[in-house]
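On a predicted model such as this, the values are computed, not experimentally measured, just so you know.
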Amino acid sequence: MSDVAYSIETLELDNGLRVAVSPDPGLGVVAVNLWYDVGSRHERPTRQGFAHLFEHLMFQGSRNVASGQHMELLHSNGASLNATTSFDRTNYFESFPSGALDLALWLEADRLAYLSDALDQANLDNQRDVVYEERRQRMDNVPYGTSLERLVPLMFPADHPYGHLPIGNMQQLAESSLEEVRDFHSTFYLPSNAVLTIAGDVTADEGFAKAHHYFGPIASGPRPTRSLADPLGPVVDTGVDKISADVPVPAAYLGCRLPKDEPQARELAAAELVLGVLGFGETSRLHRRLVRRDQVASSVSAYVSRMISGNSFGMLTVRIDPRTDLDEVVDAVDEEVRALSVDGPTEDEVQIAIASSEREWFDDMATAAGRADAISQARLLFGDARLVNDYLPMLHSLTADELGKAAADWLTALTRAQVRYEPTGDPG
């Protein structure tokens, strides 16, 4: 299956907007996806959270669209839509029956060009409150909700581009002025700082013509200069953040720096696969040992955040039986990591990890929305939309030796950054 390739056509408008179209005739559905080259790593140290704030402000109206009307118009035409903010980018996306393409592009163009017409103090205050509430609901008032916020500073220095989460700093948001927020928009929300992908039931000629029509007249300033941090090696000093909280069971969150994401990114892909061998799914080493054999944990999970500014990071989470000592479980994790770094994974483990990653990739690419997102990522972060077609061949070429080396080079530091939760009540 590594020879799968998707049709992708690209061009760049005179104002710098990069456009990609991936036709899928007869699908009946079209996805529009806009990636802006602005995420939490672009923020000033004293104004953390601006990128995420705009994820909300962009739905609050523009010159020709009333507040809330963007979502209402698209929903009434059968669309699903949302937006996300990460360390490296902000993404706006919608998928809908193909007849709504003009509406979707007009709405996206209007808020790119004319958001400032609706960006007043009332809107700013309202959306700051929305962000505050989002933090309360997703982080402060849920078990383990602050785990990543606590883990990130153990992996990256405070002044590193990845030293804080996209959710931002609530106090800094409260102190920010309307002028500062407007300046952030005028700096980063430019056609030259964005990628537009249209995927699904549309031809390349149709997609390009509509992109020209709706986005071509928008004036653009200079594309902001991209500044990337130098790579850091594995975490050296052990840091343990211990929390006593109202959580169901003890848990350990372990983090490690990984290689940066880049075209082909073999070292990162190998690290991602071997972390999966360690802790992703019921066939992983830690699930078989901690959950099934020793029965000291209820779950094990692994996650990788791919990023471009020097490093990515990986995270392993273990939910632990309340009668079990956390130290023993972390020691077991360290033991399994070191075994992987010395002997490497078995060939069966490599093939299972590759198959799992391949399945996830196909799940994403099977929809117009997923394919549009992957294309926008490749074009914005790496300059070439067609790189999406290179992933599977690279994945299938990875070897057990490469996975073992990634474990030795990067995962042996996994237990040096630890966030530990202990329940406040009696385990019984």
Side-chain angles (χ1 to χ4, degrees), residues 1-10 18-36 39 55 79-96 98 104 166 195-202 207 258 260-266 268-273 275-276 279-281 301-308 312-315 351-398:
M1 300 293 287
S2 61
D3 59 349
V4 173
Y6 294 93
S7 174
I8 303 168
E9 302 293 334
T10 63
R18 290 151 284 178
V19 183
V21 180
S22 181
D24 195 348
L27 184 64
V29 172
V30 178
V32 166
N33 187 292
L34 268 162
W35 273 46
Y36 290 91
E55 177 193 320
S80 60
L81 65 152
N82 212 330
T84 62
T85 308
S86 76
F87 295 93
D88 286 328
R89 55 77 183 140
T90 308
N91 178 24
Y92 302 86
F93 51 94
E94 48 262 350
S95 58
F96 40 80
S98 53
V195 166
L196 166 67
T197 299
I198 307 170
D201 194 4
V202 60
L258 297 175
K260 68 178 180 180
D261 199 6
E262 58 187 341
Q264 287 297 298
R266 292 185 68 89
L268 174 58
E272 189 169 26
L273 289 184
L275 186 59
F280 182 78
S301 61
Y303 166 78
V304 169
S305 181
R306 287 172 163 256
M307 303 183 296
I308 65 171
S312 302
F313 72 80
M315 182 169 71
Q351 293 309 311
I352 290 171
I354 289 175
S356 176
S357 184
E358 180 185 64
R359 183 173 59 252
E360 184 177 336
W361 187 84
F362 274 119
D363 285 346
D364 289 340
M365 300 297 282
T367 66
R371 188 160 64 254
D373 191 59
I375 291 168
S376 289
Q377 176 185 24
R379 183 67 180 92
L380 184 80
L381 299 185
F382 309 124
D384 185 355
R386 295 178 184 86
L387 286 172
V388 297
N389 290 326
D390 295 340
Y391 177 71
L392 282 187
M394 183 275 295
L395 180 69
H396 283 278
S397 71
L398 290 168

**Report entry** Listed partners of Asp390 passing side-chain contact (heavy atoms from CB on, under 4.5 Å), at least two apart
**Finding:** Gln264, Leu387

Query raised in the report: Would you call Gln351 and His396 a side-chain contact if the rule is heavy atoms closer than 4.5 Å?
Result: no

Query raised in the report: Between Asp201 and Gly26, is there a donor-acceptor pair closer than 3.5 Å when you use the side chain of the first and the backbone of the second?
Result: yes

Query raised in the report: Between CG of Asp364 and CZ of Arg359, what distance do you get to the nearest 0.5 Å?
Result: 12.0 Å

Query - Distance-minimising heavy-atom pair for Ala270 and Leu398 - result: N-CD1, 4.1 Å

Report task. Apply ring pair (Phe, Tyr, Trp, His ring centres under 6.0 Å) to Tyr92 and list each qualifying residue two or more places apart in sequence or on a separate chain. Result -> Tyr36

Report summary line: Taking every heavy atom of Tyr303 against every heavy atom of Leu275, the minimum-distance pair comes out as O-CD2, 3.7 Å

Report task. Check side chain to side chain donor-acceptor pair (under 3.5 Å) between Ser7 and all other residues, then give those that pass, not counting sequence neighbours. Result -> none

Query raised in the report: Can Leu380 and Asp88 be said to form a side chain to side chain contact (heavy atoms under 4.5 Å, CB included), step by step?
Result: CA-CA 10 Å; Leu380 184 80; Asp88 286 328; over 6 Å; no

Query raised in the report: Checking Arg89 side chain against Thr84 main chain: does a donor-acceptor pair fall under 3.5 Å?
Result: yes

Query - side-chain contact (heavy atoms from CB on, under 4.5 Å) against Asp261, all qualifying residues, sequence neighbours excluded - result: Ala265, Leu268, Arg306, Ile308, Ser312, Gln377, Phe382

**Report entry** Audit row: Phe96, Val32, side chain to side chain contact (heavy atoms under 4.5 Å, CB included) steps and yes/no
**Finding:** CA-CA 9 Å; Phe96 40 80; Val32 166; 3.6 Å; yes

Query - Ala372 to Ala199 - nearest heavy-atom pair and separation - result: CB-CB, 3.9 Å

Query raised in the report: Which atoms form the tightest heavy-atom contact between Ala271 and Leu258, and what is the distance?
Result: CB-CD2, 3.9 Å

Query - Aromatic plane relationship, Phe87 with Phe313 - under 30° parallel, 30 to 60° tilted, over 60° perpendicular - result: perpendicular

Query raised in the report: At their closest point, which heavy atom of Ser22 faces which heavy atom of Ile375, and how far apart are they?
Result: CB-CD1, 3.6 Å

**Report entry** Summary of salt bridge (Lys or Arg N to Asp or Glu O under 4.0 Å) pairs that have at least one residue in residues 370-385, sequence neighbours excluded
**Finding:** Glu12-Arg379, Asp24-Arg371

Requested in this report: Report the C-alpha distance between Val4 and Phe362 in whole Å, list the side-chain angles of each, state the deciding distance to 0.1 Å, and finish with yes or no for side chain to side chain contact (heavy atoms under 4.5 Å, CB included).
Outcome: CA-CA 10 Å; Val4 173; Phe362 274 119; 3.8 Å; yes

Report summary line: Smallest heavy-atom separation, Val202 atom then Val21 atom, equals CG1-CG1, 4.1 Å

Report task. Please report the C-alpha distance between Ser397 and Arg266 in whole Å, then the side-chain angles of each, then the deciding distance to 0.1 Å, and finally whether the side chain to side chain contact (heavy atoms under 4.5 Å, CB included) criterion is met. Result -> CA-CA 9 Å; Ser397 71; Arg266 292 185 68 89; 2.7 Å; yes

Query - Phe280 side chain reached by Ser357 side chain, heavy atoms, under 4.5 Å - result: no

Query raised in the report: Is a side-chain donor or acceptor of Glu55 paired with a backbone partner of Thr85 at a separation under 3.5 angstrom?
Result: yes

Requested in this report: Report the distance from atom CG of Asn82 to atom CG of Asn91, rounding to the nearest 0.5 Å.
Outcome: 9.5 Å

Report task. Check whether any side-chain heavy atom of Thr10 lies under 4.5 Å from a side-chain heavy atom of Arg18, and answer yes or no. Result -> no

Report summary line: For Ser356, the side chain to side chain donor-acceptor pair (under 3.5 Å) test, sequence neighbours excluded, returns none

